[in-house]
Amino acid sequence: MDQVKQMYINGEWVAAESGETLSVTNPATGETVGAVTFGDNRDAAKAIDAAHAAFASWSRLTARERSKYLYNLYELVRNSRDELAGIISAEMGKPLREAKGEVLGAADNFMWYAEEAKRVYGETIPSSVPNKRIMVLRQPVGVVGAITPWNFPVNMVARKIAPALAAGCTVVLKPAESTPLSAIRLFELIEQAGFPKGVVNLVIGKPEAIGQEFIDNPKLSKIGFTGSTRVGKLLMEGAAKQVKRVSMELGGHAPFIVFDDADLDAAVEGLFESKFRNSGQMCICTNRLYVQEGVADAFTEKLVERLKKAKVGDGRLKDTEIGPLVNERALAKVLEHIDDAKAKGGVLAAGGNRLVEGDYARGFYCEPTLITDVTGDMKIANEETFGPVVPLIRFSDEKEVVKQANDTRYGLAAYVYTRDNARCFQMAEQLEYGIVGINDGSPTQTQAPFGGFKESGIGREGGHFGLDEYLETKFVSFGV
Ligand code: ADP
């Protein structure tokens, strides 16, 4: 095994104050793939000090100058695509093809915000008082503490640090415990890109202790988080004490609605994309599939056929479509949702079991699963499953399905398949979700705002909306 990898604070690779380490395992094989230093609030405090000291000069650079560093990083990340993808796949199990797509997505964020950095425009506003002039400035919020999950371990980092750096903020990043190796490789590229010391820092360690330091340390102005609704709420509560800014991308419970007039083949592919990509471990994953009566049998048949063909395996093998779940706990939750549905009358139309033969025994694999005869009291109908299991619910009436689709505390993504133009617009307007995919099972793009209604979060990532999250608005009133 390689030596213990370190964190990156104030332009130096350093070990945790505590001297603790953590090993990283491949969920496909159970093998150890690396070890990292594992710190706590003390390391976070040092990183915040460094970011705070660097803020004065970084925020005063011209946008064009900041943009150059982001362009450098874009090139470096793009050129390291295969290597980064290999690390992602080894530490969290996703198929290489998907991991490569993720890395290109991350690179795209660095390029897009390198451009957008130059377009942080203020305003002048006509005053109603003759001897006053109104000017509006947009300025960086200050030091940002970013906390990211393991399901998109590189792109989630990019989506936070690219707009933050473009805006003129400095950053302390805490990646997820299961995926620090890809974050470390990304920070090696950040170092190569030449960012001044202290501008971007990496702290790896105990989530609660580091999160608390982000909350308590007055030098940190904003918390950007992607993860569970539970932790997001804790961070929001904590941030309230100093009225710190927050952006939160939290859980989801996406409905996927197939109408009688839909192109069924496209709908099956869209569903496959939205439910089984990343082994169902995305916050925008379909969690409830609603199919209109007239096509329910035909759709079910096509979907079962697709699931039977799906290749489940080690993400590093070329033809794998669905990798393992990230760890044993994740697998246990998925199996619990399947068992609960079965106990309450759900019928398995495909899959339903952990895969245990041969090489599968070493990893955390679940068959792609379709459950029919689903009722509202099942866990799967209410809680985020985060795995390759889809419950199918039949419906007849459009109004009724909208009501059911909206009947959740989440509001991240929703999907609709129909060929009726008027219905497309009605559904887009009526669904209480931050993202609506109409005949699109994969609605994410760098330029577009990504984020949720209700308990799915606050704020948006992506596009110019993503940059706004790292800017304060200042009103300057001139007496003339
Ligand atoms: P998941 O269950 O999908 O891992 P979490 O919300 O637990 O989602 O994790 C997302 C990120 O939040 C990870 O980086 C994790 O280390 C971090 N995290 C977990 N608990 C806390 C906490 N109490 N304070 C701050 N960060 C936390």
Side-chain angles (χ1 to χ4, degrees), residues 7 16 20 22 24-25 27 36-41 43-45 47-48 88 91-94 144-161 171-184 186-187 201-217 220 222-241 244 246-253 278-285 287 324-334 336-337 364 383-387 410 412 452 455-458 461:
M7 41 191 156
E20 284 182 40
L22 179 80
V24 182
T25 21
V36 296
T37 190
F38 200 64
D40 53 32
N41 52 309
D43 310 286
I48 293 170
I88 294 174
E91 64 181 352
M92 58 72 69
K94 81 170 60 173
V144 173
I147 301 177
T148 48
W150 47 265
N151 61 347
F152 288 88
V154 170
N155 201 13
M156 289 292 163
V157 176
R159 279 163 48 148
K160 288 176 180 53
I161 70 176
V171 181
V172 178
L173 171 80
K174 190 207 86 62
E177 302 86 284
S178 26
T179 55
L181 299 175
S182 50
I184 289 171
L186 180 65
F187 270 73
N201 305 274
L202 171 68
V203 175
I204 300 164
K206 296 192 178 105
E208 294 82 6
I210 295 170
Q212 198 59 47
E213 188 64 32
F214 283 7
I215 287 169
D216 293 336
N217 194 318
L220 188 137
K222 152 129 201 173
I223 300 177
F225 173 76
T226 299
S228 61
T229 297
R230 182 186 70 81
V231 175
K233 286 180 182 175
L234 285 176
L235 291 169
M236 277 182 85
E237 272 177 46
K241 288 186 208 133
K244 289 189 177 180
V246 293
S247 298
M248 299 277 149
E249 299 288 349
L250 310 177
H253 205 273
N278 218 20
S279 302
Q281 304 171 112
M282 302 187 288
C283 44
I284 58 166
C285 270
N287 222 115
L325 288 149
V326 69
N327 56 34
E328 192 147 26
R329 189 164 53 94
L331 176 65
K333 183 179 178 194
V334 169
E336 186 201 322
H337 277 199
F364 308 116
E383 293 173 25
E384 196 176 27
T385 307
F386 237 58
Y410 293 112
L412 189 56
E455 292 187 25
S456 285
I458 192 157
E461 286 185 338

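We use all heavy atoms of the structure for the numbers below, so side chains are in, but hydrogens, waters and symmetry mates are not. The model shown is predicted, which means the values in this text are computed figures rather than measured ones. Ligands are counted one by one from 1 in listed order, and the atoms in each one are counted from 1 as well.
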Closest non-hydrogen protein atom to atom 13 (C) of ligand 1, residue and atom name please, with distance? Thr148 O, 3.4 Å

re atom 8 (O) of ligand 1, the protein heavy-atom contact at minimum distance is Ser228 N, 3.7 Å

Look only at interatomic distance and state if Glu208 has a nitrogen or oxygen under 3.5 Å from any nitrogen or oxygen of ligand 1. no

Any sub-3.5 Å donor-acceptor pair from Lys160's side-chain atoms to Ile147's backbone N or O? no

Please state which protein non-hydrogen atom is closest to atom 16 (O) of ligand 1 and give its distance, to 0.1 Å? Glu177 OE1, 2.4 Å

With side-chain contact (heavy atoms from CB on, under 4.5 Å) as the test, would you mind laying out the steps for Val246 and Ile458 before giving the verdict? CA-CA 8 Å; Val246 293; Ile458 192 157; 4.1 Å; yes

In terms of residue, atom name and distance, what is the protein heavy atom nearest to atom 19 (C) of ligand 1? Pro207 CB, 3.7 Å

Could a heavy atom of Phe225 be found less than 4.0 Å from some atom of ligand 1? yes

Of all the atoms in ligand 1, which lie at a distance below 4.0 Å from a heavy atom belonging to Gly211? 25 (C)

Give me the residue, atom name and distance of the protein heavy atom closest to atom 17 (C) of ligand 1. Ile147 CG2, 3.7 Å

Ligand 1 atoms in contact with Gly227 (distance to a heavy atom under 4.0 Å): 6 (O), 10 (C)

Quick one: nearest non-hydrogen protein atom to atom 3 (O) of ligand 1, plus distance? Trp150 NE1, 3.5 Å

Assess the residue pair Glu20 and Lys206 against the criterion (salt bridge (charged side-chain N to carboxylate O under 4.0 Å, His left out)); give the C-alpha distance rounded to whole Å, side-chain angles, the decisive distance to 0.1 Å, and a yes or no. CA-CA 10 Å; Glu20 284 182 40; Lys206 296 192 178 105; 3.2 Å; yes

Shortest non-hydrogen contact from Gly93 to Pro324? O-CD, 3.4 Å

Could you go through Glu91 and Ser182, starting from their C-alpha distance and side-chain angles, then the distance that decides it, and tell me whether this counts as side-chain hydrogen bond (donor to acceptor under 3.5 Å, both in side chains)? CA-CA 8 Å; Glu91 64 181 352; Ser182 50; 2.5 Å; yes

Which residue and atom name correspond to the protein heavy atom nearest atom 22 (C) of ligand 1, and how close is it? Val231 CG1, 3.8 Å

Got a second to check how far Thr37's OG1 is from Ile184's CD1, nearest 0.5 Å? 9.0 Å

State whether the side chain of Asn287 and the backbone N or O of Thr385 hold a donor-acceptor pair below 3.5 Å, judged by distance alone. yes

Inspect the surroundings of CG in Leu234 and state if more than 12 heavy atoms from other residues, nucleotides or ligands are less than 6.0 Å away. yes

Is any N or O atom of Arg230, backbone or side chain, closer than 3.5 Å to an N or O atom of ligand 1? no

